[in-house]
There are 2 protein chains.
Amino acid sequence: MTRSEENYLKTIFHLGGGDAKSITTNAIAEQMETKPSSVTDMAKKLSEKGLVDYVRYQGVSLTDAGVKTALSIIRKHRLWEVFLVKKLDFTWDEVHEVAEQLEHIKSEKLIDKIDELLDFPKYDPHGDPIPTKDGKFQERDEKLLSEIPINSQGVCVGVKDSSVPFLKFLDKNKIALGNTIKVLDKEDFDNSLRIQMEGKEMRISHQIAANLYVKKNN
Amino acid sequence: MTRSEENYLKTIFHLGGGDAKSITTNAIAEQMETKPSSVTDMAKKLSEKGLVDYVRYQGVSLTDAGVKTALSIIRKHRLWEVFLVKKLDFTWDEVHEVAEQLEHIKSEKLIDKIDELLDFPKYDPHGDPIPTKDGKFQERDEKLLSEIPINSQGVCVGVKDSSVPFLKFLDKNKIALGNTIKVLDKEDFDNSLRIQMEGKEMRISHQIAANLYVKKNN
DNA sequence: ATCTATTTTTAGATTTGTCTAAATTTAATT
DNA sequence: AATTAAATTTAGACAAATCTAAAAATAGAT
Ligand SMILES: [Mn+2]
Ligand SMILES: [Mn+2]
Ligand SMILES: [Mn+2]
Ligand SMILES: [Mn+2]
């Protein structure tokens, strides 16, 4: 399994190809910042290896073996992210790039020991669930902050957009995972929200609210 | 800097190419388990990049830039080995293979934080010195156990051969770094030694003694 | 100094992963 | 049903890293 193959499987999974849904060549190419023709070449190779189902002109989806491999890469990525934050004091906007490299280290013992060292975390620094060793996800009942009703409240548990600028924006505004947020009011004009968070009141734009996951209380 | 380039620089350094000494194509090829023709190709490339001095038919030596790069890879390798042993309970015969991968991770912050987490170790699990960030070695006055006189004693500080079988042999015989060893007697016939170690007496072959470094007490 | 064995390099091929440009297929529109 | 636009694949090329086989250079031995 080459690094490139692993990256393709991971991308296909993230685009939804784990549910027998066909992912188009173009979608994969765009996500990976490569050319559709390169994706076609790789689709053939992964198909040969039994990791994807590929129908010419129709796109690819992951086989069971492909899902399993993708989940093991994602597991490694997220565990390394937790390690970097918890053990090496990286900030949550610094970890992704390094984890992109670390996720390809080949040693089952290594990642199991990292998992143990971290006391088997269930979520990564961005609130994304960490698949278990046998490929199961910790599902969670979460909603976008923009989609919960006025006067309801929840705990911030994840980000939809985990780009560096967004994460830095959240830091600057002291919005962190674990914070309890109550929606006080919604502005019809621009869909911005007035919220109460950790005692303080503030206003956030729809774009922010639509990229924060909360777990509703009760 | 590709992974392959880094591996060549590291190998050339280990073969002594850091002291302006010319290392032959064949020596490099043998060490890396590749073909001399491949080494020639890489020699040209590294020479182009100013990392080695290469004279056709004469071999290569590292430039200052080449030494610097080699040391940074070796630093990473050895720090990761310490990490694996100290933080993840790997045994000293398990770490090399994984460190061969981890040494190529590109993130200065990562290795500096690992260094800090480990409290800036000076030696790796095999007793090899860890270069500092600015490329200096912690030299140590060490001798092979086979070369110290009868009735002298020293602390075991390193292994010359760090192959898995040798390390496992040492474990099995409870010979560990840090142990104090006294040479009681030398057998002329086969150069084997009678030693006293941590209270116990034992006999070890010349081959073993010639692969153990000790730091003589006074 | 010449021959010879060894080392080293060159030339040409292969694999992996990528690209561009052209051809093909599909999907949408008249 | 025919046309057109968009998506996808094919064909051919390229860079990196490797190999084999042949050619060239070096070093050792007479
Ligand atoms: Mn990430
Ligand atoms: Mn993440
Ligand atoms: Mn090692
Ligand atoms: Mn070592």
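As the structure is a prediction and not an experimental result, all values here were calculated from the model.
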Where do B:Glu103 and B:Arg75 land on the salt bridge (Lys or Arg N to Asp or Glu O under 4.0 Å) test, with the steps shown first? CA-CA 8 Å; B:Glu103 72 189 5; B:Arg75 170 177 160 77; over 6 Å; no

When the distance from [atom1] of [X] to [atom2] of [N] is rounded to whole Å, what number comes out?
X: A:Asp41; N: C:dT16; atom1: CG; atom2: C1'; result: 10 Å
X: A:Met32; N: C:dC19; atom1: CE; atom2: P; result: 10 Å
X: A:Lys35; N: C:dT16; atom1: NZ; atom2: C1'; result: 19 Å
X: B:Arg3; N: D:dT18; atom1: CZ; atom2: P; result: 12 Å
X: B:Leu46; N: D:dA16; atom1: CG; atom2: P; result: 12 Å
X: A:Lys44; N: C:dT18; atom1: NZ; atom2: C1'; result: 14 Å
X: B:Glu5; N: D:dA15; atom1: CD; atom2: C1'; result: 12 Å

Phosphate contact ([N] OP1 or OP2) by [X] side-chain N/O below 4.0 Å:
X: A:Ser38; N: C:dC19; answer: yes
X: B:Ser4; N: D:dT18; answer: yes
X: A:Thr34; N: C:dC19; answer: yes
X: B:Tyr54; N: C:dT9; answer: yes

Among the candidates D:dC19, C:dT18, D:dT9, find the nucleotide nearest to the side-chain atoms of A:Met42. C:dT18

Counting side-chain heavy atoms from C-beta on, which of D:dT10, C:dT16, C:dT18 comes nearest to A:Thr2? C:dT16

Using the side chain to side chain contact (heavy atoms under 4.5 Å, CB included) rule, pick out the option among A:Val60, A:Ile23, A:Ile28 that qualifies with A:Val39. A:Ile28

Here the residues of residues 13-29 of chain A within 4.0 Å heavy-atom distance, strictly under, of DNA chain D are A:Thr24, A:Thr25, A:Asn26

Going through the distances and angles, do A:Leu71 and A:Thr132 end up as a side-chain contact (heavy atoms from CB on, under 4.5 Å)? CA-CA 9 Å; A:Leu71 283 175; A:Thr132 59; over 6 Å; no

Checking [X] now: which residues fulfil salt bridge (charged side-chain N to carboxylate O under 4.0 Å, His left out) with it, not counting sequence neighbours?
X: B:Arg140; answer: B:Glu142
X: A:Lys109; answer: B:Glu94
X: A:Lys136; answer: A:Asp134

Does anything in residues 18-34 of chain A pair up under salt bridge (Lys or Arg N to Asp or Glu O under 4.0 Å), and if so which pairs, sequence neighbours excluded? none

5'-most by nearest nucleotide on DNA chain D - B:Glu33 or A:Val55: A:Val55

Could you tell me how the ring of B:Trp92 sits relative to the ring of B:His126: parallel (under 30°), tilted (30 to 60°) or perpendicular (over 60°)? parallel

Under-3.5 Å N/O pairs linking protein and nucleotides 24-28 of chain C:
from	atom 1	to	atom 2	distance (Å)
C:dT25	O4'	A:Tyr57	OH	3.4

Mind checking whether B:His77 and B:His96 have ring centres under 6.0 Å apart? yes

